[in-house]
2 protein chains.
Amino acid sequence: MTTIKDVAERAGVSIKTVSRVLNEEPHVRAQVKERVLEAARELDYKPNRAASRLAGGRSFLIAHLYDNPNPSYISALHIGAARRCRELGYHLVVEPVNSQDKDLLGLVRRLFATIAPDGILLSPPLSENTEFVESVRQLGGRIALISATHGDEWTHISTDERGASKAIMAHLLGLGHRRIGFVRGHPQHFGATLRYDGYCQSLVEAGLELEPALVAQGYFDLQSGLEATRSLLALPERPTAIFASNDEMAVGVLMAAREFGLNVPEDLSIIGFDDTPMSRLISPALTTVRQPLEAMGAAGVETIVSPDKAPRDYLDFEIILRDSCAPPRG
Amino acid sequence: MTTIKDVAERAGVSIKTVSRVLNEEPHVRAQVKERVLEAARELDYKPNRAASRLAGGRSFLIAHLYDNPNPSYISALHIGAARRCRELGYHLVVEPVNSQDKDLLGLVRRLFATIAPDGILLSPPLSENTEFVESVRQLGGRIALISATHGDEWTHISTDERGASKAIMAHLLGLGHRRIGFVRGHPQHFGATLRYDGYCQSLVEAGLELEPALVAQGYFDLQSGLEATRSLLALPERPTAIFASNDEMAVGVLMAAREFGLNVPEDLSIIGFDDTPMSRLISPALTTVRQPLEAMGAAGVETIVSPDKAPRDYLDFEIILRDSCAPPRG
DNA sequence: GTGAAAGCGCTAACAC
DNA sequence: GTGTTAGCGCTTTCAC
């Protein structure tokens, strides 16, 4: 096993100098630096991170604490985060938890005591629990939040969900829809609020009335989307399009449409949000919004590793046009 | 920060004794052991794993190397594995990779050199690449394989996929189906072969002919399921039921049925495999097989942490009866 | 700009 | 059974 000593010997310098070079600290002549780097390369030297950590340095571990019922969301985040970790010499530790757990903070404390991650990545709903986030922050260590909420410091990684909502509303309005129903998302989810905001603003800007009857509450699950839509379609003058705050509810919308004998998209256009794998599989395939989840996971890692280089702006969303929308009848 | 020294002092013993107790080594009197445990509890002592590792002990890290296009599969594995890790004081490091990557072994080598996981968890397709598995094994460290293939040592965690296939075939035969089509899975996937085996055995045991024309090749993706089914349904005497080797292809089967103007399940019964979230969402909901993925993830961790206590048998599958099957017409 | 020495918190080897 | 001592491979002082 090759250690820092071997590299130092080969480069003809002290181990401290090697350490300086490898950690990109200043005060090393370019020439010496080059020599060290070459020696390390030749010996295929990989620092022992347990030793780094023990000596008071970094652990090169980042922990992702999450509680999310949506596997594809988490998976994409992990892929992006883990890839960036690898590029930076870090590793991603996953900690699935129950957000209702009373001792979440104890878990974080134990995490710091045992493996001492250099930072903690939080995604919704954990990242939107300000009290919890504040407590974690006080435990020390860096933090990165994947969340539509915005704090002062830009540790929040997100897309412009309000803007995405407006963009997709523009599509619907462009097709000629004037009566557009909306199924709201989970009340605790900040992004859901922004999506609703976008819906409202779009209507107003288009000079349309915001009809409360066209808005139904949902909770991000299929069943609530189904039930919300039943009430919407039972309206005397029913909507020609329904915008669901996520894909799973959009499937519920589709099912409700079938119950009412409506063809999609001819009789009813449907919009989702998230571009889950399912949205491609159902028929008709769902027009929806894609967030760059892998990039968001990567940005989270970046925020922890080098806060200055982290993105200080929204990451771009994408509107995915598929087969669930058409101009209204007549 | 409380260290092993603090515990030793409080318990009135040497740090070595504390170490012994905490690592469950023998040669400690029950009384002393109790005293140490109590001191540790009182001080809320958590061992620093960087130090454990550096001193030649365990890292308490387990790495999951995976490449899988199915987020819900991986997610479930992670939840089960991470939970068991937590119970055992371990942590799960995730390493998503591209199984085509030429330097996979280099990645594993780097993993050992930097964070030195106590074991590596492999899932398909990586776990079914015997050459790769052998190379990893030679790098040292323990290994756990989630895979339908069987080696001599029982490091392979799996359900009885052949048995599951036979169980679901029994359901179909019980409903009265005699012409049952089969869409095979990816040729490289060992589980897919077992599922096919089960199909064949079931037919033979029921005294039915194995008709090659009723078997079509698929590759686990929706499109291949769709195309395979087109050929099956174009047969002069078409099947009354189709068993797809996974859920995604089963969705393809459903789409093909619609193309042919067939009602499911009245005109065609459909069976899937995996119980992905989607199987509940499509209409009709899919009858399928569920593997205990969380338990399999947990078993993988167990295999690494205490090989003797690891399960040496199949984990139980479950047949999920939903709405995609009915007796054949006439 | 570079190096020598100390020590992080634990486990292993070996004494008692 | 239990304790003593010597590191593990780094980073951090603090000299020079």
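Predicted model only: the values in this text are computed from it and were never measured. In what follows, chains carry the letters A, B, and so on, assigned in the order in which the sequence lines appear, proteins first and then strands, with residues in each chain numbered from 1.
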**Complete:** From CE of M1(A) across to C1' of dG9(D) the rounded distance in Å is 8 Å
**Separation of dT11(C) C1' from I15(B) CD1 (nearest whole Å)** = 9 Å
**Exercise: identify the closest heavy-atom pair between A11(A) and A39(A)** = CB-CB, 3.9 Å
**Request:** Kindly indicate whether the side chain of V133(B), heavy atoms from C-beta on, has any atom under 4.5 Å from the side chain of I143(B).
**Result:** yes
**Prompt:** When you match S14(B) and A51(B) each to their closest nucleotide on DNA chain D, which lands nearer the 5' end?
**Reply:** S14(B)
**Message:** Donor-acceptor pair, distance only, cut-off 3.5 Å: does the side chain of S127(B) make one with the backbone of I146(B)?
**Reply:** yes
**Item:** Parallel, tilted or perpendicular: rings of H78(B) and H64(B) (30°, 60°)
**Value:** perpendicular
**Item:** Atom-pair distance (CD1 on I4(B); P on dC8(D)), nearest Å
**Value:** 19 Å
**Request:** Rounded to the nearest angstrom, tell me the gap between atom CG in D6(B) and atom C1' in dC10(C).
**Result:** 13 Å
**Message:** Among dG3(C), dG3(D), dC10(C), which nucleotide has an atom closest to any side-chain atom of V13(A)?
**Reply:** dG3(C)
**Item:** Exercise: identify the closest heavy-atom pair between L122(A) and L65(A)
**Value:** CD1-CB, 3.5 Å
**Asked** In terms of side-chain geometry, is the basic nitrogen of R41(B) or E34(B) positioned less than 4.0 Å from the acidic oxygen of its partner?
**Response** yes
**Request:** May I ask you to verify if any side-chain N or O of S19(A) is less than 4.0 angstrom from the OP1 or OP2 atom of dC10(D)?
**Result:** no
**Message:** Taking the basic N atoms (NZ, or NE/NH1/NH2) and the acidic carboxylate oxygens, is any pair closer than 4.0 Å for E38(B) and R10(B)?
**Reply:** no
**Fill in**
Of R53(B) and R20(B), the one whose closest nucleotide on DNA chain C sits nearer the 5' end is R53(B)
**Asked** Over how many whole Å does the gap from F60(B) atom CZ to dG9(C) atom P extend?
**Response** 17 Å
**Asked** Between N48(A) (CG) and dG9(D) (C1'), how many Å, whole number?
**Response** 6 Å
**Message:** dG3(D), OP1 or OP2 - any side-chain N/O from T17(B) closer than 4.0 Å?
**Reply:** yes
**Item:** Donor-acceptor pair (no angle test) under 3.5 Å: K16(A) side chain, dA4(C) base
**Value:** no
**Message:** Distance check needed: dC8(C) C1' versus R58(A) CZ, whole Å only.
**Reply:** 17 Å
**Message:** In whole Å, I'd like the distance from the CD1 atom of I115(A) to the C1' atom of dC10(C).
**Reply:** 17 Å
**Fill in**
The correct set of residues in residues 22-38 of chain A placing a heavy atom under 4.0 Å from DNA chain C is H27(A), V28(A), R29(A), V32(A)
